[in-house]
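First up is the structure itself, then whatever we jot down about it.
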Amino acid sequence: MRLNSLLSTTARWARAALALAGTVLLTGCDLNFWRMDGHQSTIAVDGPVARSQRDLFYVTCWVTLVIFIIVGSVLAYATIKFRARSSADEHAEPPEQGHGNPMIELGLIGASVLALVIIAIPTLSAIWYTHDVPEADKSNAYDVTATGYQWWFRFDYPNEQIPGSGTLNTSNELVIPAGRPVRIQLRSVDVIHSFWIPKLAGKVDMIPNRGNFLWLKADAPGYYWGQCAEYCGDSHAVMRFRVIALGPKEFNDWLNQQMAPARNVTVAGAAAAKPQFASYRKDFKQNERGWSDRFELNPLDSWRAHQEVDAKGEDAALIQQGRQIFNAKSCVNCHTVRGNDGSGINGPNLTHVGARTTIAGGLLENTPEQVARWLRHPDQVKPGNKMYYGVNKMAGYLKLGDDGFPVRDQNDNYVPNITLTEDDITALVAYISSLK
Amino acid sequence: MSDHAASTVPGAHAEENKFQIYVQIAMLLAVITGVEIAVIGLPFAKWLLVTVLVVLSTVKFMYVIFYFMHLRWDKAFCTILFFIGLTIAGATMYGLIRLFDAPESVPLSSVAAAAADVRPDLA
Amino acid sequence: MSSTVTGTIDHHHDHTTTTGIPNKKLLMWAFLASDCMFFGSLISTHLVYRLHPPPGNPVPREVFDVPLTSFSTFILLMSSLMMALAVNAIQKGNLKSMRFSLLTTIFFGSIFLGCQVFEFTNFVHEKHMTITNSILGTTFYTLTGTHGTHVAIGVLWLIMMYVRSFKPADTGAHRLWFFRNVLHVAVMVGFVLSAIFTVLAVVHTVQAGESVGAFAGQNLALVAAFVVTLVAGVILARPHGPVQFSEVNAIDVESMGLYWHFVDIVWIVIFTAVYLLEYL
Amino acid sequence: MDATVKSHFTTKEEHAPAKPLVFWRPTAKTGFVSWLTTVDHKKIGFLYGLFALFFLLVGGAEALLIRLQLMVPNNTLLTAQQYNTMFTMHGTTMIFLAVMPLGAAFFNIIMPLQIGARDVAFPRLNAFSLWTFVAGAIILNVGWFLKDGAPDAGWFGYAPLTTKTYNPTHATDFWVLGLQLLGVASIAAALNFIVTIINLRAPGMTMMRLPVFTWMTLVTSFLIILSFPAITIALLEVMMDRQFGTNFFEVSNGGMPILWQHLFWIFGHPEVYILILPAMGIISEILPTFSRKPLFGYPIVVFSGACIGFLGFTVWSHHMFTTGMGTVATAAFALATMAIAVPTGVKIFNWIGTLWGGHLSMRTPMMFALGFIWMFMIGGFSGVMHAAAPADAQQQDSYFVIAHFHYVLIGGSIFALLAGIHYWFPLIVGRQVSDFWGKLAFWVIFVGFNVTFFPMHFLGLNGMPRRTFTYDGNMGWNTANYIATIGALTLGTGIAIYFIVMVYTFFKGQRAKRDHWDGRTLEWSLPNPPPEYNFAVIPTIHARDAYWYEKHHREQIAQENAEHAKEDEAHGGLHMPFQSIYPLVASTGVLIGAFGACYHKLIVALIGGSVMLIGVYLWSMEGAEGYHIHLDADGNIVEDPHAKH
Ligand code: HEA
Ligand code: HEA
Ligand code: CUA
Ligand SMILES: [Cu+2]
């Protein structure tokens, strides 16, 4: 029979495949697609909110797995047992034409309901738990406001008011106190975004004209990966951010540093090697498979290293020149460097940008090369991005028409607004890196 | 070809003079409309007036569908069919409107939210 | 089942279908069930925005004009009555009476539309509420406008049905009947439109306190169109021998009636939910 | 057909009345014009099927591009914008242009045959649905060939991303108006099916004797007419915002983008049951046939289908668990969603009950049906995991959702539809598909499908967000993505094999005998392919599996049929409706009008509207006329000189 030969062929292939898979696993080749310990794992979690969500997931998983095994076994048994083994069998007298059995039906319905109750109870308790900070912990909570922009995040610290210039704010890297509940108000200025730090808590959307809210807590100091989780246009995929949780002392130091105005560099010094930190490597070309996040330091230490001012390596003249260009090239229209120049709010606050590990919405590593790359071709790094195409009728690298959209010339090419020479870029990079 | 072979004698409905019924119902509906307009001026509690208005317009609604649209004289299936739609639409409308009442769902721009009495967590 | 219809028509049961309910009636009811959801979504949109208005939204009771709306509600109700009578008439085979009732329904429907046009222009020009300048304007005009569109479609349908009742029994003997029919529809539509706008012009003249002469001078074309279509309508409606419209078509009129009544009940809901509740 | 319709049928005695040229009615039964003007439910269904399969390949090609882009981290095969277009069009195409019309194809072809009807209740309306569907498909896809590009706002097009501020090109207008037309087409078709099932059943075909597939057609049609209006309104609102500057979703004037989500999902959730219920209907036909046993617990299977349909309206916000609805609303929707597992489970249990004690003949349709049960269960279970709202906060918009819905959509809907094509192919086309190649295709599809989508569960739990054109190599997602892409290529190969075999069989396959699978329902009583008039004599139904009963009571049935044939002849033969050009004209008007609206050209829109109105007017004036045919004892048509003019 054709069928039988096919089956045995299949079986042969299946055995071969299994053997292959086994060998691959034993030799340690990275075929384990089921690994769930990445930077954005929802399984290897580091906070109570994410933990309660994961535990609930386990409950649903086990309950359905058990049902699957039971129902599956019956199904498999029936399929094998009652299979027609030959074509004669197929055309044998039809079996008894039975029509059903109410008792079995009711029993199974009851069993299903029971299974659902097992899932429903922890679901309800988790809904209430994840909704707001537990009463006992409320007094200890810290407040932050996160606002989504196409395609970056802005973070405000309503508890920290800077005399004369309002609420402390920063972008793309959220620093929170570890071990304390953090209440995050979620806002959006344009389209819908979603705020998601898988290891700390499930996501909540940032919806225009809606005051959403999320709470989370980091068990211990650490460095976490976040991601916008609602499709928000061209660069949704690279709308990322980082969360840094710090102990009480370190958090306070950081706040103090942030409250201070931007550095104004006037002294020169000698260079020192900086630790490399591979959040985004441009040599990370296609086809590089596998787990490859080999930090030279642990990520939190990498972040700490970024906080340190390395006055010796700086060229004050270059930095001053960068600052001038920053003003002249209208960067100030969109960016604020508090204490120095500008009060723009369409782009990230750059007051202490040099102290972040990443730029451009968690996409690029904050190194001079990457900053230069960003300034050279923001559109190529981050498709559609607003620094290039302009935002709220504020022109970026391109000239805008009255309708707020970039204009084109007769040849259908965009008309530039900001043009930077390589020298400009070098100076700007020096300036930006100096802002710690 | 039908299961429901002639239970109806030709002309079975002829004796009903619908003309009168229609005119009477139209008058009734006009009166109810008048009452509705009058009700909004009365100095009673708001919930009471809302209830009265809702009841009165439901009554109008029912009169139109059962008499003008002859559901009363038609096979029950037409009524069922329409009420499936009406019920699902009504329940969905109700659910949708109620969803926006939850404090979490009040829009930031709304007058109430601006007064910050609905979303204490924003204050 | 005989292919030529003989004897008395049973209006409510059709023995060629399984349930005895005529297909067209069933179709219409199913459609109306669907339309409940349609208007339900639209009305909820309006109500949700009404319950949570942004600051600076116009206050509805300062915009609305209850006497006018009550009047048009009443008119729509009367049109519903006439529609019911039209169905009643054709079920009894009374073609003349049906035509008369249809014409009155068309007439009332047009008045309703005229009121709405008046209301909209009034709100825009006097109350400065446009469809773009506030959320109230947006939802109000969209909701009542969609309802108005339903009414307009209904009027068109009524006109087509009315004209169809003139289709000659022996189309072979009247070679040009089809073109006459098309002309008839056009004339009726023209009449309704010119009637609506003539009435609006009259109201405008009265409000502005102008003279009859000024009115005629400014709206000559409108008045002329009104008169011409009126005359043409009367001429076209003269009897031309036996027609192809009888009790068998009652179901067509009835389905149309269901639609028309539904539009009326939607207005019942809108009248309460959109207008009256604002005054509490 | 009601009295009015009947009275316009020409009989031998009447002389053909003179008509203006506008009422020309095509009579050709073959050729291009006959397809454009057809009112025959089988031809219309066949066209639906062809369009749907074409779009399945288009959507599949888009899926393959998606997978190739994601094969490796930081890939540059597609730009961000191209990728976004790709998943938007993939989702929209698969759902609205592949699975839904494929369902409509089966409704059209099979349902009237199962209830013993000669056509649907409104044949011309049916043609209008078809052509309006085509118009919608054209509008939706036209962007590929224009400067504006194809839509790229995602298949649920969340406002305000779809407003003019954030999507200034016409691409989004194509999406809005394309979906609007598809909605009109679907509602019109569904109304038609409802009336047909309620009103055109053969004598004795009570509701509780309807084949389950027909029942599911009915429930699905109800879902369509009750859920589509919500998206119609939602689309109307974005359209107003885009074209007239209204404020529905304009935040600066108090608009609430969240409202779009509610309206969309009020439609969207019933929509997913619109995609699965026909599939469940097909499975409920195949399992009994190949187990040679009636469906286990028929009444409860029917009831649970209706129950799923109804509950489908109460759970829409489970797509919005992360929008911050508050505890009470979240809890209510979570519980309602879980409740759906009960009626769905009932179906699964009863299918197993049907297998139990049967003589299972393992032909290709049966393989797909069994595959369906397995895969759908997995998809359903991940659905229940989503229903646990706090857990869903981690899963929403991650690849876990992608895994969930591809298991229910491919492992569910597509498997069942492929099974159905295989199952009814001998009836519709009259040829028999090779079992070997069918099974081969099944296994390749089955393996490829699981290899593609099973790893996605892990990707999702490992934090990979969906709708991302690229990802970093250091997130731990590389292996699973690579495997998934390999799987997708395998899956594509399987589908290619499937269709190559089908095309081959269509032209060259072996002729199938009548009642190829020893069927149980009425459609198998027909010769293959079924004649235009379907039933020479409208059968009388005595039992649930009507044809099974017939096969076991041949004499009684033969006698009845002979009597009914005589009656028919006494009434002038079988009534057949004329073809008509006007549904096509009306749909063309709709197409033109929609184009005008896309480009904000009032004149064009008005012209389109007028063409549509004229089409509809002439359609009503030409009337549902038709002609008669007479059959001899063998069911051949006896030529009637008066039948044509
Ligand atoms: C064919 C389509 C289809 C079907 C049938 C389903 C069926 C179900 N779906 Fe799914 N769903 C989709 C298509 C479908 N879904 C799509 C397309 C999306 C994503 C849209 C988008 O975002 O783009 C989605 C998304 C989606 C979400 C939102 C996820 C998110 O975005 O966060 C949720 C949440 O609750 C959900 C739940 C369910 C449930 C509970 C079922 C249930 O009906 C399943 C019931 C079945 C079973 C449970 C298995 C059999 C039962 C038994 C053997 C009985 C015993 C079992 C128990 C007691 C548990 N689905
Ligand atoms: C019924 C619906 C359906 C079906 C059948 C499929 C089928 C497939 N889907 Fe799809 N999918 C959706 C509905 C569906 N999908 C929806 C609704 C979304 C969400 C969209 C959104 O987010 O907006 C989605 C999103 C989606 C994504 C996520 C994209 C993202 O979020 O970034 C992915 C990624 O892997 C994917 C993959 C696939 C694959 C590999 C198939 C395969 O099964 C396809 C197999 C078929 C073929 C491969 C065709 C075979 C054809 C040939 C071999 C011929 C090729 C022809 C030429 C080259 C001319 N789909
Ligand atoms: Cu912001 Cu996605
Ligand atoms: Cu859903």
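The sequence lines fix the lettering, A, B, ..., with proteins before strands; numbering per chain opens at 1. Owing to the predicted nature of the structure, the values given are computational and were not obtained by experimental measurement.
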Can you tell me which portion of Thr354(D) sits under 4.5 Å from chain A's heavy atoms? Options are side chain, backbone, both or neither. neither
Contact origin within Ala159(D) toward chain A - heavy atom pairs under 4.5 Å: backbone
Donor-acceptor pair, side chain of Asn462(D) and main chain of Gln40(A), under 3.5 angstrom: no
Taking side chain as everything from C-beta outward and backbone as N, CA, C, O, which of these in Phe381(D) sits under 4.5 Å from a heavy atom of chain A? Side chain, backbone, both or neither. both
Is it the side chain or the backbone of Leu335(D) that comes within 4.5 Å of chain A heavy atoms, both, or neither? side chain
Tell me, out of Gly358(D), Pro455(D), Ser291(D), Ala331(D), who's got the most heavy-atom pairs with chain A below 4.5 Å. Gly358(D)
Who wins among Phe290(D), Phe454(D), Trp374(D) for the most heavy-atom pairs under 4.5 Å with chain A? Trp374(D)
Quick one: which of Pro160(D), Ala387(D), Ala389(D) has the most heavy-atom pairs under 4.5 Å with chain A, could you say? Pro160(D)
Under a 4.5 Å heavy-atom cut-off, does chain D meet the side chain of Ile207(A), its backbone, both or neither? side chain
Honestly, the part of Tyr158(D) sitting under 4.5 Å from a heavy atom of chain A is side chain
Using only heavy-atom distances, determine whether the side chains of Asp205(A) and Thr322(D) contain a donor-acceptor pair under 3.5 Å. yes
Please check this pair: side chain of Arg210(A) against backbone of Thr323(D), looking for a donor-acceptor N/O pair closer than 3.5 Å. yes
For Gln395(D), is it the side chain, the backbone, both, or neither that has a heavy atom closer than 4.5 Å to a heavy atom of chain A? both
So, the part of Ile43(A) with a heavy atom under 4.5 Å from chain D: the answer is both
Pair Trp356(D) + Tyr77(A): ring centers closer than 6.0 Å: yes
Please tell me whether Asn350(D) and Glu105(A) have a donor and an acceptor in their side chains that are separated by less than 3.5 angstrom. yes
Between Gln394(D) and Trp196(A), does any side-chain donor sit less than 3.5 Å from a side-chain acceptor? yes
At a 4.5 Å cut-off on heavy atoms, which part of Pro198(A) comes close to chain D: side chain, backbone, both, or neither? both
Give, as side chain, backbone, both or neither, the part of Cys61(A) having an atom under 4.5 angstrom from any heavy atom of chain D. both
Report which part of Leu161(D) has an atom under 4.5 Å of a heavy atom belonging to chain A: side chain, backbone, both, or neither. both
Less than 3.5 Å apart, any donor N or O on the side chain of Tyr231(A) or Asn84(D) sitting next to an acceptor on the other? yes
Of the listed Gly463(D), Gly326(D), Gly345(D), Ala341(D), the one with the largest count of heavy-atom pairs under 4.5 Å with chain A is Gly463(D)
